[in-house]
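Throughout, protein chains are lettered first and strands after them, A, B, ... in sequence-line order, and every chain is numbered starting at 1.
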2 protein chains.
Amino acid sequence: MPHIISRNHQNAWRSLLIAQSWAIRQIEFQLRKANEISFDVYEVLQTLEDSEGGKLRMSDLADRILFSRSGLTRMIDRLEELGYVVREPSPDDRRGWYAVVTPKGKEVRHRACDIVQTTLQAIWEKSLSDEEAVALVPVMESVTKLARDYEPIRG
Amino acid sequence: MPHIISRNHQNAWRSLLIAQSWAIRQIEFQLRKANEISFDVYEVLQTLEDSEGGKLRMSDLADRILFSRSGLTRMIDRLEELGYVVREPSPDDRRGWYAVVTPKGKEVRHRACDIVQTTLQAIWEKSLSDEEAVALVPVMESVTKLARDYEPIRG
DNA sequence: ACGAGACAGTTGCATTTGGAAGGAGTACGC
DNA sequence: GCGTACTCCTTCCAAATGCAACTGTCTCGT
């Protein structure tokens, strides 16, 4: 096991890097063009909607979408002002707060969802057969899993 | 072909998103800890080093690493100030400039390389067999290829 | 040879970011 | 119970970001 990672891994990594950040740009471009929420906001709202009761502790949310703590605080500030989210104190830990999606938040997420899906579909299904997608999931999940267990980076 | 992308594609996408941005964070954390250049800078210098003569037109560089035009201008400003890069006018197009890596730029890139590789190795090879990496390359490259052909997004 | 339009790169501005420091609350050993 | 160490979230600051507007240059049709 040499100290240098294999050419294959390197190539995979670089392609991944480019492919994905391009895809994100593409999605953001389409969302802006359609005057919808940004991709970051979309991720926040979707993560909340996916959770029990549409709510999540601030830190949990930050960890899930890999936002810095301070970044999330301000993001939630903005979303609260827009009425997409409310803060709710945690009953059993007075330090803690939940972010909770509002109906309005769900609505804007839902509207944006169409665009995100369409764009993703255009990119993804042009590049990736269904079998390939299936093959990709466990690979990426093992990295994601690593992420959950690893020493956390706080902000 | 339904308007909704398949569950598999969606899962692959989400895992990818998390896995990768986590990996990048990890690398940035290690680089900062070791007092080396940031990951963005690393990408710029590496891309230049990989190119003919260690130089690239500003726009080409921006397209390659998916930076906005204005972002790249300022990035190169900083790197020039640090002595990692110089600007060189294009001989055949008076609008154009090359960014050129200096020896000093190569040196700091090389120093950072160790950390990037080690970190990547720790993440990547733990999650991905060599065969899987091989399988991943063409998939991601087809997305990257899409990116090159597609209507560009300028900044 | 001229003008409309595309393109390269930069700059201005408002917004957003990340990290470190801070205030308040909790956990736990003793 | 009390002190220390840790955690949750926010605030502060300097730095970075994106978009849109701008200057100068090239291209191409006529």
Could you pull out all donor-acceptor pairs under 3.5 Å where a side-chain atom in residues 82-89 of chain A meets a protein atom, sequence neighbours excluded?
unit_1, atom_1, unit_2, atom_2, d
R87(A), NE, E80(A), OE1, 3.1
R87(A), NH2, D77(A), OD1, 2.1
E88(A), OE1, K55(A), NZ, 2.8

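- A side-chain donor-acceptor contact under 3.5 Å links R14(B) and Q46(A).
- Nucleotide dT17(C) holds its C1' atom 15 Å from the CD1 atom of I24(B), rounded to whole Å.
- Going from atom CZ of F39(B) over to atom C1' of dG18(C) covers 17 Å, rounded to whole Å.
- Scanning all heavy atoms of the two residues, the minimum distance from I24(A) to F39(A) falls at CG2-CD2, 3.9 Å.
- For DNA chain D, the neighbouring residues in residues 47-61 of chain A, judged by any heavy atom under 4.0 Å, are R57(A), M58(A), S59(A).
- Distance alone, capped at 3.5 Å, is enough to place a donor-acceptor pair between the T102(A) side chain and the G105(A) backbone.
- The separation between F67(A) atom CZ and dG18(C) atom C1' is 12 Å, rounded to whole Å.
- Contact of the V116(A) side chain with the E36(A) side chain is not registered, since no non-hydrogen atoms from C-beta on lie closer than 4.5 Å.
- Contacts of E28(A) classified as side-chain hydrogen bond (donor to acceptor under 3.5 Å, both in side chains), with partners at least two apart in sequence or in another chain: none.
- When rounded to the nearest whole Å, the span between CD of E43(B) and P of dA16(D) equals 17 Å.
- Counting atom types as modelled, R95(B) pairs a side-chain N or O with a base atom of dC7(C) as donor and acceptor under 3.5 Å.
- When rounded to the nearest whole Å, the span between CD of Q30(B) and P of dG19(C) equals 13 Å.
- For S68(B), a side-chain nitrogen or oxygen approaches OP1 or OP2 of dG18(D) to under 4.0 Å.
- For dG18(C), the OP1/OP2 oxygens have no side-chain nitrogen or oxygen of R69(A) closer than 4.0 Å.
- The nearest pair of heavy atoms linking I115(B) to A34(B) is CD1-CB, 3.2 Å.
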Cut-off 3.5 Å, no hydrogens considered: what does the side-chain donor-acceptor table look like for residues 94-101 of chain A, sequence neighbours left out?
unit_1, atom_1, unit_2, atom_2, d
R95(A), NE, D93(A), OD1, 3.1
R95(A), NH2, D93(A), OD2, 2.9

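- Heavy-atom distances under 4.0 Å link DNA chain D to T73(A), R74(A), R87(A) of residues 72-93 of chain A, given in residue order.
- Residue R25(B) places at least one side-chain N or O closer than 4.0 Å to OP1 or OP2 of dG18(C).
- Computed from C1' positions of five pairs at each end, the angle between the two local axes of the helix from dA1(C)-dT30(D) to dC30(C)-dG1(D) equals 30°, rounded to 10 degrees.
- Distance K33(B) NZ to dG19(C) P: 14 Å, rounded to the nearest Å.
- In this structure, the separation between OG on S90(A) and CE on M58(A) is 12.5 Å, given to the nearest 0.5 Å.
- The CD atom of Q30(B) sits 12.5 Å away from the CG atom of D114(B) when rounded to the nearest 0.5 Å.
- Distance L31(B) CG to dG18(C) C1': 15 Å, rounded to the nearest Å.
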| task | Using the salt bridge (Lys or Arg N to Asp or Glu O under 4.0 Å) rule, take R78(A) and D40(A) through it: C-alpha gap first, then chi angles, then the decisive distance, then the call. | result | CA-CA 12 Å; R78(A) 274 170 262 150; D40(A) 281 347; over 6 Å; no

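- Between D40(A) and W97(B), the residue anchored closer to the 5' end of DNA chain C is W97(B), taking for each the nucleotide with the nearest heavy atom.
- The OG1 atom of T47(B) lies 11.5 Å from the CG atom of D63(B); values are rounded to the nearest 0.5 Å.
- Regarding R94(B), its CZ atom lies at a distance of 16 Å from the P atom of dT10(C), rounded to whole Å.
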